[in-house]
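In what follows, a structure is listed as structure tokens, so that the remarks can point back to it.
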Amino acid sequence: MIYDVLIIGAGIIGKMVAHELSKYKLSVAVVDKKKEEDLNGNESLSKSIIHGNYTTSQELFTDRFSYNSRVIFENISKYVDFQYNPIGSFLIGKNPKENEKILKIYETAQKSYHKDIKLLEKKEIFSLQEELKDQNVQSGIYCTGTGTCSPILLSNYLLQSSKSNGIHYFFNSKVLSIEKYSDFYEVSTTNSQYKDFLCKIIINCSGYQGNTISEMVSDPYYNINYSEHKFIAMEPLKTTSTNSIILEIPSSIEKRFYISSANDKLRLFTGRDNLVVKKSIAETFINVGDTSVFGLTYSPIIASRILNLLEETNLNFIKKDL
Ligand SMILES: Cc1cc2nc3c(=O)[nH]c(=O)nc-3n(C[C@H](O)[C@H](O)[C@H](O)COP(=O)(O)OP(=O)(O)OC[C@H]3O[C@@H](n4cnc5c(N)ncnc54)[C@H](O)[C@@H]3O)c2cc1C
């Protein structure tokens, strides 16, 4: 059979996309090189953050992605228990220079339509988070939508639900090569039973190895280099006992996350933030890449963006009666 859509990669993004497509009368398959039981290694953290992500100085479209994603997560939480907990986050300023930055960030975020953030005065911050009194906080932004959740529970739901809506999953199926014919692709894998998959459209959700897959269709416009990212897990921060996520003003090259009871880890990372969700030179090959450390946060809105891109193709979109 020729599948309408083949998704390469069953990480959180591949499964979110599969779940979205499972609502339509389309034939969709997902291939992943891992065994099914090893899949949740991707979502290895027991708790992850649905980020506020409003701090970038330019008005990147990724900012809007994160607000819209937060709205979708809240909706999903009404019918799925994935331990979604919107605990909120504070971005705090501790001196006049940082206060000025806080104001600028707030103004930029307003332009990017973040409807869940508030600019707070000192008094309001302390009334919400008394523990911050010890930290010389002078100004702050509060994002009510920032939250934590269990990516494993979410992943399991997406997998089971999309399977029962008719999506075919093939594990142990590493993609080795892709051959493009005039109106379909032939995707060769290591699957012992169905080695070759035929499909009209490919969505590349293979994570940090995304460029390997992309190069199989000689896509010159897509190039990611994940080696620029550094992740350092550090000791828990002992000085606060807050319930929310507390963030410092980010500099241009690094962001520090102070997380207390939300996650018990202080993480520091540097890197780029250039989310890619676009068609390649071949209109029927869509790449998702550079999700950085925000892949979970972006996943619902990436899925709906992909749906929009697919609606521009000649696939027949008819909703299923579910
Ligand atoms: C330490 C750390 C903490 C993080 N914390 C957060 C957080 O709090 N909040 C947040 O929003 N994000 C967080 N992230 C980021 C988030 O985890 C990632 O952005 C997200 O998991 C990426 O998902 P993905 O589906 O794109 O990729 P992946 O999870 O990597 O999935 C890609 C899949 O493709 C498969 N694959 C690859 N190549 C092939 C091939 N040739 N053939 C078949 N299959 C293939 C792989 O087996 C894999 O299953 C964190 C990341 C790290 C590293």
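Just so you know, these numbers use all the heavy atoms, side chains as well, and skip hydrogens, waters and symmetry mates. Just follow the structure's listing: the first ligand is 1, and inside any ligand the first atom is 1.
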### Query
If you measure only the distance, is there a donor-acceptor pair under 3.5 Å linking the side chains of Ser173 and Tyr194?
no
### Query
When you look at Ile167 and Ile7, which way does the side chain to side chain contact (heavy atoms under 4.5 Å, CB included) test go after all the steps?
CA-CA 10 Å; Ile167 304 289; Ile7 298 169; 6.0 Å; no
### Message
Given Ser299, Ala10, Gly207, identify the one with the heavy atom nearest to atom 30 (O) of ligand 1.
### Response
Gly207
Min N/O separation [X] to ligand 1 under 3.5 Å:
X      : result
Ile13  : yes
Leu39  : no
Lys174 : no
Ile213 : no
Gly9   : no
Leu296 : yes
Gly295 : yes

#### Entry: Of Val30, Ile203, Ile306, the residue whose pairing with Leu21 passes side chain to side chain contact (heavy atoms under 4.5 Å, CB included)
Ile203
### Name of the residue among Asn95, Ile92, Ile102 meeting side chain to side chain contact (heavy atoms under 4.5 Å, CB included) with Ser139
Ile102
Taking non-hydrogen atoms only, is [X] closer than 4.0 angstrom to ligand 1 via side chain, backbone, both or neither?
X      : answer
Thr212 : neither
Ser173 : backbone
Pro151 : neither

#### Entry: Approximate separation, where rounding is to 0.5 Å, of Asp116 CG and Ser89 OG
8.5 Å
### Message
Quick check on Phe317: does its CZ atom have over 12 non-hydrogen neighbours (other residues, nucleotides or ligands) under 6.0 Å away?
### Response
yes
### Enclosure of Gln110 CD (heavy-atom neighbours >12, cutoff 6.0 Å)
yes
### Task
Give every residue pair that meets the ring pair (Phe, Tyr, Trp, His ring centres under 6.0 Å) criterion with at least one member in residues 1-23, sequence neighbours excluded.
Tyr3-His168, His19-Tyr157
